[in-house]
Amino acid sequence: MTSVEDQLKILTAGTVDVISEVDLKKKLSAGKPLRVKLGIDPTASDIHLGFTVVLRKLRQFQDLGHTAVLIIGDFTAQVGDPTGRSVTRPPLTQEQVDAHAATYVEQVQSILDFTPGRIEIVRNSEWLSKIDMGGVLRLMSQTTLARILERDDFTKRYQEGSPISLSELVYPLMQGWDSVQVRADVELGGTDQLFNNLMGRQLQGAEGQAPQVVITTPLLEGLDGVKKMSKSLGNYIGIAEAPGEQFGKLMSIPDALMPRYFALTTGWLPERVAAVVASIESGELAPVAAKRLLARTIVDLYHGEGAGKSAEDEFDRIFKDGSAPTDVEEFVITSGEFPITLARLLATAGLATSNKEGRRKIEQGGVRIEGEKVTDPDVEVTAEEINGKLLQLGKRAWARIIVS
RNA sequence: GGGUCCGUACCCGAGUGGACAAAGGGGGCUGGCUGUAAACCAGCUGCGUAAGCUACGGAGGUUCGAAUCCUCCCGGGCCCA
């Protein structure tokens, strides 16, 4: 087994908070596999690059012989984590939660070790749906309103006069109770989870358990380069997204963000990251080349070796040469629809949400048929004229029209 | 429970009887430029070929005419209890 000192070095690298390192050392020194908790709220169906930061940290624990305890927050998802939120989350149905949870577990396999014994996956409804009012009150007496309200997100909402549901105030307690239930030795999370995770420490202490070590990892900025990557902000790159999508999205991140992306998402050793960053700064590696390298690396990571190169070729074909992608989706239109105006054709093929919008796109010069720009939205085409032709909207949307 | 203020398009937000399909910003889209799906600049952004239709929390009402006035209902903030 790796020495305690080496483990400490690996496990604390790239983290923001470790509370506390002394505790972690003590726990590691006991020589037993630690139970390392990570909670996932199944509020959306995709795992994104930002979340892989903490997943990779969890994987490091697994590789050192510790046990990953993945908690699917199916119960807490019904309340909604108020962290960083300015509004109450809408409650999810059981079906949505189940579907999201299934997708999560599937996607997480590309990062975590699923060898039996290395991972446990549990749902927090197992215990949270059973706790009675007495139990809830006991938990609530462990904290005070002042402590809960210290949090920025609540303070802000309170000052703004936005509604805050009491159930949201209890959220950190539920998450803390999870730690008690799974007897967590360590809990991982993004820096925004610090408050919630510290609650776990306190509740464990009150229940006579050794308090968990809380480790936080940095939050990755999303495509906009400012706000954290999140599903609800729509600025994310999903690990299950198509190679072309991932490549393109990565190419669009602000240049200044590249070092962070290399450091947090590639899984590279710090020395390798430092070397790349240095060559960018010295001008040896052009920004665009660096970004391509990043994009290839990430696509390879989630779609297999070589997928990055293919995605890059495709990207060049589309955006550099301006030609159509190799596989354009076919769109079948029944012959009864013809003759049809170009505006309506666009809407029928799903490239516009309405005829009106199709009309606008054509008038703006954004529509091509077989590479030829069309200008009159009212022109009618017959089935024979359009069958098999390539319809293009803007730089990023195509449909091959098939008449049946 | 009482009082008071509020609810506007994807989001924020102006509008308080006609000139309102509704200012402004964000987002999104299209075009230009570019190493880039970045940045920047310009245009577009309810539906309908059109006449017109539908839309300012919901339902009624007043009026020639309502997002704007009245009644009730639903949702929210604040103050008092």
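Order of the sequence lines fixes the chain letters, A, B, ..., with proteins taken first and strands second; residue numbering starts at 1 for each chain.
Note on A:Glu221 versus A:Arg260: salt bridge recorded, some NZ/NE/NH1/NH2 to OD/OE distance being below 4.0 Å. Between A:Asp185 and A:Lys37 no salt bridge is recorded (no basic side-chain N to carboxylate O distance below 4.0 Å). Taking a cutoff of 4.0 Å between a charged side-chain nitrogen and a carboxylate oxygen, A:Asp132 and A:Arg138 do not qualify as a salt bridge. In summary, A:Lys389 and A:Glu372 do not engage in a salt bridge, as defined by a charged side-chain N under 4.0 Å from a carboxylate O. Salt-bridge annotation for A:Lys309 and A:Asp313: present, with a side-chain N of the basic residue lying under 4.0 Å from a carboxylate O of the acidic one. Look at A:Glu5 and A:Lys25 and you find a salt bridge, because one of the NZ, NE, NH1 or NH2 atoms lies within 4.0 Å of a carboxylate O, short of that distance. Comment: A:Lys249 engages A:Glu241 in a salt bridge, judged by a side-chain N to carboxylate O separation of less than 4.0 angstrom. One finds a salt bridge joining A:Arg296 and A:Glu312 here, because a Lys/Arg side-chain nitrogen approaches an Asp/Glu carboxylate oxygen to under 4.0 Å.
In this structure, A:Phe51 and A:His48 have perpendicular ring planes: the angle between them is above 60°, well past the 30° mark.
Separating the C1' atom of B:G27 from that of B:C11 is a span of 7 Å, rounded to the nearest Å. Comparing the C1' positions of B:G1 and B:C70 gives a spacing of 25 Å, expressed to the nearest Å. Between B:U68 and B:U8, the distance separating the two P atoms is 13 Å to the nearest Å. For the P atoms, the distance from B:C56 to B:C29 is 28 Å, rounded to whole Å. For the P atoms, the distance from B:A9 to B:U62 is 28 Å, rounded to whole Å. Comparing B:G65 with B:A19, their P atoms are spaced 15 Å from each other, to the whole Å. When the P atom is used for both B:G46 and B:A23, the distance is 10 Å, rounded to whole Å. Using atom C1' as the reference point in both B:G25 and B:U45, the two lie 14 Å apart (nearest Å).
As a whole-Å value, the separation of A:Ile340 CD1 from B:U49 P is 11 Å. One interatomic measurement links the two molecules: CZ of A:Arg292 to C1' of B:A37, which rounds to 12 Å at whole-angstrom precision. Separating the OH atom of A:Tyr261 from the C1' atom of B:A38 is a distance of 12 Å, rounded to the nearest angstrom. A straight line from NZ of A:Lys395 to P of B:U34 spans 11 Å, rounded to a whole angstrom. The separation between A:Arg296 atom CZ and B:U36 atom P is 16 Å, rounded to whole Å. Atom CG of A:Leu250 and atom C1' of B:A38 are 13 Å apart (whole Å). A straight line from CG of A:Asp224 to P of B:G27 spans 9 Å, rounded to a whole angstrom. If you measure from atom CG of A:Leu257 to atom P of B:A38, you get 15 Å, rounded to the nearest angstrom.
Nucleotide B:C20 is matched to nothing when pairs are restricted to Watson-Crick or G-U wobble geometry with both distances under 3.5 angstrom. Of the nucleotides present, B:G27 is the one that pairs with B:U45 by Watson-Crick or G-U wobble criteria, both distances under 3.5 Å. The partner of B:G1, taking Watson-Crick or G-U wobble pairs whose two distances both stay under 3.5 Å, is B:C80. In this entry B:C40 has B:G32 as its Watson-Crick or G-U wobble partner, both defining distances falling under 3.5 Å. Across all strands shown, B:A55 remains unpaired; no Watson-Crick or G-U wobble contact has both distances below 3.5 Å.
Between the side chain of A:Lys361 and the base of B:U30, no donor-acceptor pair under 3.5 Å is found. Contact annotation: side chain of A:Gln364 to base of B:G43, donor-acceptor pair present below 3.5 Å.
Contacts of A:Gly244 with the nucleic acid, taken as non-hydrogen atoms under 4.0 Å apart, include base atoms. Contacts of A:Lys320 with the nucleic acid, taken as non-hydrogen atoms under 4.0 Å apart, are absent. As judged by a 4.0 angstrom heavy-atom cut-off over every strand, A:Gly248 is placed among the base-contacting residues.
Residues from residues 346-355 of chain A that place a heavy atom under 4.0 Å from any atom of RNA chain B, listed by number: A:Ser354, A:Asn355.
Considering only side-chain atoms of A:Lys291, the nucleotide from B:G35, B:U49, B:A37 that sits closest is B:G35. Counting only heavy atoms from C-beta on, A:Asp255 has its side chain closest to B:G35 among B:C33, B:A37, B:G35. Checked against B:G35, B:C47, B:U36, the side chain of A:Pro287 finds its nearest nucleotide in B:G35.
Within the 4.0 Å cut-off from OP1 or OP2 of B:C47, at least one side-chain nitrogen or oxygen of A:Arg360 is found. Between A:Arg344 and B:U49 there is a side-chain N or O to OP1 or OP2 distance below 4.0 Å.
Put simply, the residue from A:Val18, A:Leu28, A:Val213, A:Val214 that forms a side chain to side chain contact (heavy atoms under 4.5 Å, CB included) with A:Asp23 is A:Val213.
With RNA chain B read from its 5' end, the first of the two nearest nucleotides for A:Lys356 and A:Pro254 is the one closest to A:Pro254.
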